[in-house]
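Written below as structure tokens is the structure these notes are about.
Start at 1 with the first residue, then count along the sequence.
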Amino acid sequence: MGIINVTPDSFYSGSRNAGVDEAVARAGRMLADGAAMLDVGGCSTRPGSDPVSEAEEMQRVLPAVAAIREAYPDAVISVDTFRGSVARRAVEAGADIINDVTAGTVDPDILQAAVDLKAPYVLTHPAVSSLTADTPLDATTSTVLLDLQHTVRSLRQQGLCDIIIDPGFGFGKTLDQNYRLMADLDAFACFNCPVLVGISRKSMITRVLDVTAQADDALTGTTVLNTYALQRGAAILRVHDVRQAVDTVNIFSHLTR
């Protein structure tokens, strides 16, 4: 899953696209590099960021989704949003998947949108949850699983079974909690859903290596953790650097033949 940010303030400057033309060009490069899907977002969720208005998010996302769909009719497009209204309009514009990093905790309508549209939904463990900095480290994974279980059950009861699970690396979690979740990633198989891992150039890497998100070492760390995630059952890698992730998947696949 290649990340296409139609934003001026995403934490990794290399993922920012100033407008529709840049977004379409980046989509083309990512697809040429082997991306299986594209994730288009218009509202940064980096720590400390202030969400843009609903109107501004729509102005950024909808034209980009529509243009990518027109340029690449067969592309699988995900919309990265926490707003139900944006999700609905984006699916109308050509998006296939709803990727919500809040699990409906900011705008519950996004859960209803996924149910109404019968759109595949990425359920991410959110920043605001039962997990806190004071949660014992050995209770990290069980706490996250329990939080997600409640939402999975509710969505399935409403008829939405096409759910993708994202443990929410970097969202409201300490450094040690992030690594505990990664070590326990195979536990998420209990949901019988594909597992998405999004750790590309995040602080759980840059803090350990003492580098910025822009540094080459951040990509190296990303590749290491992506490889580990594949070993632990990850089905989707959400990344800024598609070619390197595709190379990682290709090499890893030779170990599992």
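Counting only heavy atoms from C-beta outward, the side chains of T174 and N178 never approach each other to under 4.5 Å. The shortest distance between side-chain heavy atoms of V79 and I97 does not fall below 4.5 Å. Counting only heavy atoms from C-beta outward, the side chains of I3 and V40 never approach each other to under 4.5 Å. The side-chain heavy atoms of V197 and M182, taken from C-beta on, include a pair separated by under 4.5 Å. Considering only heavy atoms from C-beta on, I164 stays 4.5 Å or farther from C193 through its side chain. At a threshold of 4.5 Å between non-hydrogen side-chain atoms, the residues F82 and P126 do not count as touching. Counting only heavy atoms from C-beta outward, the side chains of L237 and M1 never approach each other to under 4.5 Å. Looking at P167 and L185, their side chains come closer than 4.5 Å, going by heavy atoms from C-beta outward.
The CE atom of M204 lies 7.0 Å from the CG atom of L175; values are rounded to the nearest 0.5 Å. Here the CG atom belonging to L230 is positioned 11.0 Å from the CD1 atom belonging to I251, to the nearest 0.5 angstrom. In this structure, OG in S85 is found 3.5 Å from CE in M58, a value given to the nearest 0.5 Å. Remark: D216 CG to Q214 CD distance equals 11.0 Å, nearest 0.5 Å. A distance of 5.0 Å separates CD1 in I165 from CZ in F191, rounded to the nearest 0.5 Å. With values rounded to the nearest 0.5 angstrom, R26 atom CZ is found 13.5 Å from D21 atom CG.
Under a hydrophobic-cluster definition in which Ile, Leu, Val, Met, Phe, Trp and Tyr are linked whenever side-chain heavy atoms come within less than 4.5 Å, directly or via other members, L181 and V208 are assigned to the same cluster. Both L225 and L209 belong to a common hydrophobic cluster when Ile, Leu, Val, Met, Phe, Trp and Tyr are linked at side-chain heavy-atom distances under 4.5 angstrom. Residue I4 is not grouped with residue M37 when hydrophobic side chains (ILVMFWY) are merged at heavy-atom distances under 4.5 angstrom, including chains of intermediate members. Residues F188 and Y179 share a hydrophobic cluster, clusters being chains of Ile/Leu/Val/Met/Phe/Trp/Tyr side chains in contact below 4.5 Å. Under the 4.5 Å side-chain contact rule for hydrophobic residues, V195 and V122 do not share a cluster.
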**Message:** Pair R83, D109 - check salt bridge (Lys or Arg N to Asp or Glu O under 4.0 Å), show working.
**Reply:** CA-CA 7 Å; R83 293 183 170 110; D109 182 53; over 6 Å; no
**Prompt:** Going through the distances and angles, do R69 and D74 end up as a salt bridge (Lys or Arg N to Asp or Glu O under 4.0 Å)?
**Reply:** CA-CA 8 Å; R69 170 59 64 219; D74 296 328; over 6 Å; no
**Message:** Walk me through whether T222 and I199 qualify under side chain to side chain contact (heavy atoms under 4.5 Å, CB included).
**Reply:** CA-CA 7 Å; T222 298; I199 47 82; 3.9 Å; yes
**Request:** List the steps, then state whether side chain to side chain contact (heavy atoms under 4.5 Å, CB included) holds for L137 with T140.
**Result:** CA-CA 5 Å; L137 189 59; T140 298; 3.8 Å; yes
**Message:** Using salt bridge (Lys or Arg N to Asp or Glu O under 4.0 Å), reason through R243 and D247 one step at a time and then give a plain yes or no.
**Reply:** CA-CA 6 Å; R243 181 178 57 80; D247 288 346; 3.7 Å; yes
**Request:** Apply side chain to side chain contact (heavy atoms under 4.5 Å, CB included) to the pair L145 and D184, showing each step before the final yes or no.
**Result:** CA-CA 11 Å; L145 290 173; D184 293 344; over 6 Å; no
**Request:** Determine, stepwise, if the pair H125 / K173 fulfils side chain to side chain contact (heavy atoms under 4.5 Å, CB included).
**Result:** CA-CA 10 Å; H125 187 263; K173 298 169 181 70; 3.0 Å; yes
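Of the residues L148, L196, N99, the one that meets the side chain to side chain contact (heavy atoms under 4.5 Å, CB included) test with T124 is N99.
A donor-acceptor pair is defined here as one N or O able to donate and one able to accept, closer than 3.5 Å; no such pair exists between the side chain of K118 and the backbone of A114.
For D162 and R156, the salt-bridge test fails: no basic side-chain N is under 4.0 Å from an acidic carboxylate O. Ionic pairing of R60 and E56 is present here: one or more N-O contacts between side-chain nitrogen and carboxylate oxygen are shorter than 4.0 angstrom. The existence of a salt bridge linking D33 and R29 is excluded, since no basic side-chain nitrogen approaches an acidic carboxylate oxygen closer than 4.0 Å. Using a cutoff of 4.0 Å between basic side-chain nitrogens and carboxylate oxygens, D241 and R201 are scored as salt-bridged. Contact check on R238 versus D166 returns no salt bridge, with no Lys/Arg side-chain nitrogen under 4.0 Å from an Asp/Glu carboxylate oxygen.
Smallest separation of non-hydrogen atoms from D96 and A119: O-CB, 3.9 Å. Residues I98 and A87 share a closest heavy-atom pair of CD1-CB, 3.9 Å. The minimum heavy-atom distance linking L38 with A75 is given by the pair CD1-CB, 4.3 Å. Heavy atoms only, all atoms of each residue included: V6 and A23 are closest at CG2-CB, 4.4 Å. Residues S78 and D39 approach most closely at OG-OD1, 2.7 Å, considering heavy atoms. Summarising the geometry of V128 relative to T105, their closest heavy-atom pair is O-CG2, 4.3 Å, with the distance given to 0.1 Å.
Side-chain contact annotation: S154 with Q158, donor-acceptor N/O pair under 3.5 Å present. Remark: the T102 side chain and the D100 side chain contain an N/O donor-acceptor pair separated by less than 3.5 Å. Counting only N and O atoms by type, the side chains of T135 and Q177 include no donor and acceptor under 3.5 Å apart. For the residue pair S130 / D147, a side-chain donor-acceptor distance below 3.5 Å is found, with atom types taken as modelled.
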